[in-house]
Number of protein chains: 2
Amino acid sequence: MNALSADARLPRYQQLRDHLAEQIANNRWRPGDAIPPEAALASEFDLSVGTVRKAVDALVAEGVLERQQGRGTFIRRPQFQSSLFRFFRFEAATGERVVPQSRILSIEPLSAPAVVAQGLGIEPGAGVICIVRLRLLEAKPVLAEEIWLPGQLFQPLLEVDLNTQGPLLYPIYEALCGQLVASAEETLTAEAVDPTHGHLLQLPDACPVVVIERLARDYAGKPLEWRRSYGHAQHFRYRVDIR
Amino acid sequence: MNALSADARLPRYQQLRDHLAEQIANNRWRPGDAIPPEAALASEFDLSVGTVRKAVDALVAEGVLERQQGRGTFIRRPQFQSSLFRFFRFEAATGERVVPQSRILSIEPLSAPAVVAQGLGIEPGAGVICIVRLRLLEAKPVLAEEIWLPGQLFQPLLEVDLNTQGPLLYPIYEALCGQLVASAEETLTAEAVDPTHGHLLQLPDACPVVVIERLARDYAGKPLEWRRSYGHAQHFRYRVDIR
DNA sequence: GAGTGGTCTAGACCACTCA
DNA sequence: GAGTGGTCTAGACCACTCA
């Protein structure tokens, strides 16, 4: 039997939730791994199974864990390509949804501009890596992105040809740099396109575009990537349910 | 003791959730009313309190009910003015958040255009009421709205001066027509402003605007209002968290 | 058939509210 | 102090998975 070290004034299911969340943040398990069965956690921490279930329920509701009846409870692998589809409707001529192709225009080490440093929570001027890329659908540009990464974590990216690695960056971060994106915050705005991005996206002057700024974090909440994406407003559609 | 009539193959907490949701949809209680205590529900339906709690938990998670420890569990009154602030940043010169003023430009009975009929789930050409209004901040227009209501439910609106009734419509729907908005779906798009709305909002030609289409429903899921709002993109900012 | 999560019970005791 | 929801227990039995 183990003790839950956290604040004893909190409910025990809360303490267990926090304990598990901390272990997950510290990579005790990898995505796809099972956490111990509920009965094992109950006896380890001297709790009833009902209390353990309440702790696990909370992490399931947060999207961190995933139950599979009869199999176990697993660390969830975030599915970020779906986030693009949350905002933009990219469809092939057939009406089918497709992941846009990726074309890396540049990747270079730079000093962090103020807005990037603030996003990533680092010192202005610290070493960062800046990637500029286009997303294309049937050879037509649909999204222009600038992607900023803390330099010391992502050095390996500078030594490969990203254009040979498939359209999604997060699996590359994991494979090459061991960095796992677990959550993100996105901020949406709309504006008239500036000349640089208008040119990249082949849009007329002052055409309306949607801008998405994303801050991606690992399980511990540490910022891993700050990204700004520009897309033609025509492709953009977003739906919310409110109560 | 009462029986839960629903599908007996469903878990009992699910059956109770559905039963309560149906009663709420049928206005057995009004917003602010308490549902029976958990112990009373348990004995009425011959369930343990734990099972009742699970049913109530589900409705709390859906935003339909609200618990208050020591007091009871209450029907939640939806707070829709906050929905505006979800998308648009309206701030007074002081930086304080304010509810924009409302100016009704017109209200008239019409036949439903196709897009409106589809939104409201009625026949094209059926009787509807169309309201056009401006929302203003410090006398400057910030939002232009067209609001479509099923005619037979909202006749009383035609007999009052809406401009004397405060800036929020939903309390007026409730007070004058007995119709209670419980949930809504909103779809966000961005485009260059058309001349009509550009004029209303005092914007230059083809200025980028954000368009929000909202379908509001009562507790039973019946469509009550279809609305399209236009706002200058400059005021617009929306934030999402993703896992 | 052993092991997993899913549902459900019948309580106990606590924290909070309100007359 | 009576009544409410909040936490927690120590089980039982079920549904599903997998060797």
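Numbers restart at 1 for each chain; the letters A, B, ... are given by sequence-line order, proteins then strands.
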Engineer: Could you spell out the base pairing of DNA chain C in dot-bracket, with Watson-Crick or G-U pairs whose two distances are under 3.5 Å, [ ] crossing and | to another strand?
Structural biologist: ||||||||||||||||||.

Engineer: Could you please name the option among dC8(C), dG6(C), dG5(D) that lies closest to any side-chain atom of Glu38(B)?
Structural biologist: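 Given the options dC8(C), dG6(C), dG5(D), the side chain of Glu38(B) is closest to dG5(D).
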
Engineer: So, is Arg53(A) close to the dC8(D) phosphate, meaning a side-chain N or O under 4.0 Å from OP1 or OP2?
Structural biologist: no

Engineer: Taking the nucleotide of DNA chain D with the closest heavy atom to each, which residue, Pro11(A) or Ala39(B), is nearer the 5' end?
Structural biologist: Ala39(B)

Engineer: Show the distances under 3.5 angstrom between N or O atoms of the protein and N or O atoms of nucleotides 10-12 of chain D.
Structural biologist:
none

Engineer: Using a cut-off of strictly less than 4.0 Å, decide whether Arg67(A) has a side-chain nitrogen or oxygen near OP1 or OP2 of dG6(C).
Structural biologist: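 Answer yes for this pair, as a side-chain N or O of Arg67(A) is under 4.0 Å from OP1 or OP2.
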
Engineer: Applying the side-chain contact (heavy atoms from CB on, under 4.5 Å) criterion to Leu149(B), which one of Leu157(B), Ile107(B), Leu169(B), Leu224(B) satisfies it?
Structural biologist: Leu157(B)

Engineer: Ignoring the backbone of Arg12(B), work out which of dT9(D), dT9(C), dG5(D) is nearest its side chain.
Structural biologist: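 Selected nucleotide: dT9(C).
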
Engineer: Does Thr51(A) reach the side chain of Leu16(A), with side-chain heavy atoms less than 4.5 Å apart?
Structural biologist: no

Engineer: Side chains of Gln23(B) and His19(B): any donor to acceptor distance under 3.5 Å?
Structural biologist: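 Yes.
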
Engineer: Can you check the Asp57(A) CG to dG5(C) C1' distance for me, whole Å?
Structural biologist: 11 Å

Engineer: If every non-hydrogen atom of Ala216(A) is compared with every non-hydrogen atom of Val181(A), which pair is closest and at what distance?
Structural biologist: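 For Ala216(A) and Val181(A), the tightest heavy-atom pair comes out as CB-CG1, 3.8 Å.
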
Engineer: Please determine, by modelled atom types, if Ser102(A) and Arg133(A) share a side-chain donor-acceptor pair under 3.5 angstrom.
Structural biologist: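 Judged by distance alone, the side chains do pair up.
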
Engineer: Would you say dT7(D) has OP1 or OP2 under 4.0 Å from some side-chain N or O of Thr51(A)?
Structural biologist: no

Engineer: Are Arg12(B) and Leu47(B) close enough that some pair of their side-chain heavy atoms sits under 4.5 Å apart?
Structural biologist: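 Yes, side chains in contact.
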
Engineer: Tell me, for nucleotides 13-19 of chain C in 5' to 3' order, what letter each nucleotide earns: B for a base near a protein heavy atom under 4.0 Å, S for only sugar-phosphate near one, - for neither?
Structural biologist: --BBSS-

Engineer: Show the nearest heavy-atom pair for residues Tyr170(A) and Arg214(A), with the distance to one decimal.
Structural biologist: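 In this case the closest contact between Tyr170(A) and Arg214(A) is OH-NH1, 2.9 Å.
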
Engineer: Whole-Å distance between dC8(D) C1' and Gln14(A) CD?
Structural biologist: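 The distance from CD of Gln14(A) to C1' of dC8(D) comes to 15 Å, rounded to the nearest Å.
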
Engineer: Under 4.0 Å from OP1 or OP2 of dC8(D): is there any side-chain N or O of Lys54(A) that close?
Structural biologist: no

Engineer: Quick one: closest heavy-atom pair of Pro100(B) and Val142(B), and the distance?
Structural biologist: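 Minimum heavy-atom separation between Pro100(B) and Val142(B): CB-CG2, 4.3 Å.
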
Engineer: If you look at every heavy atom in Trp226(A) and Leu215(A), which pair is closest and at what distance?
Structural biologist: CD1-CD1, 4.2 Å

Engineer: Quick one: Glu66(B) CD to dG6(D) C1', roughly how many Å, whole number?
Structural biologist: 16 Å

Engineer: Round to a whole Å and report the spacing from CG of Leu41(A) to C1' of dG5(C).
Structural biologist: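 Taking atom C1' of dG5(C) as the reference, CG of Leu41(A) is at 12 Å.
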
Engineer: When you check the phosphate oxygens OP1 and OP2 of dT7(C), does a side-chain N or O of Tyr13(B) lie under 4.0 Å from one of them?
Structural biologist: yes

Engineer: Would you call the rings of Tyr238(B) and Tyr238(A) parallel, tilted or perpendicular if under 30° counts as parallel and over 60° as perpendicular?
Structural biologist: tilted

Engineer: Using a 4.5 Å cut-off on heavy atoms from C-beta on, say whether the side chain of Glu225(B) contacts that of Arg217(B).
Structural biologist: no

Engineer: Given Arg228(A), which of Glu213(A), Glu145(A), Glu186(A) fulfils the salt bridge (Lys or Arg N to Asp or Glu O under 4.0 Å) condition?
Structural biologist: Glu213(A)

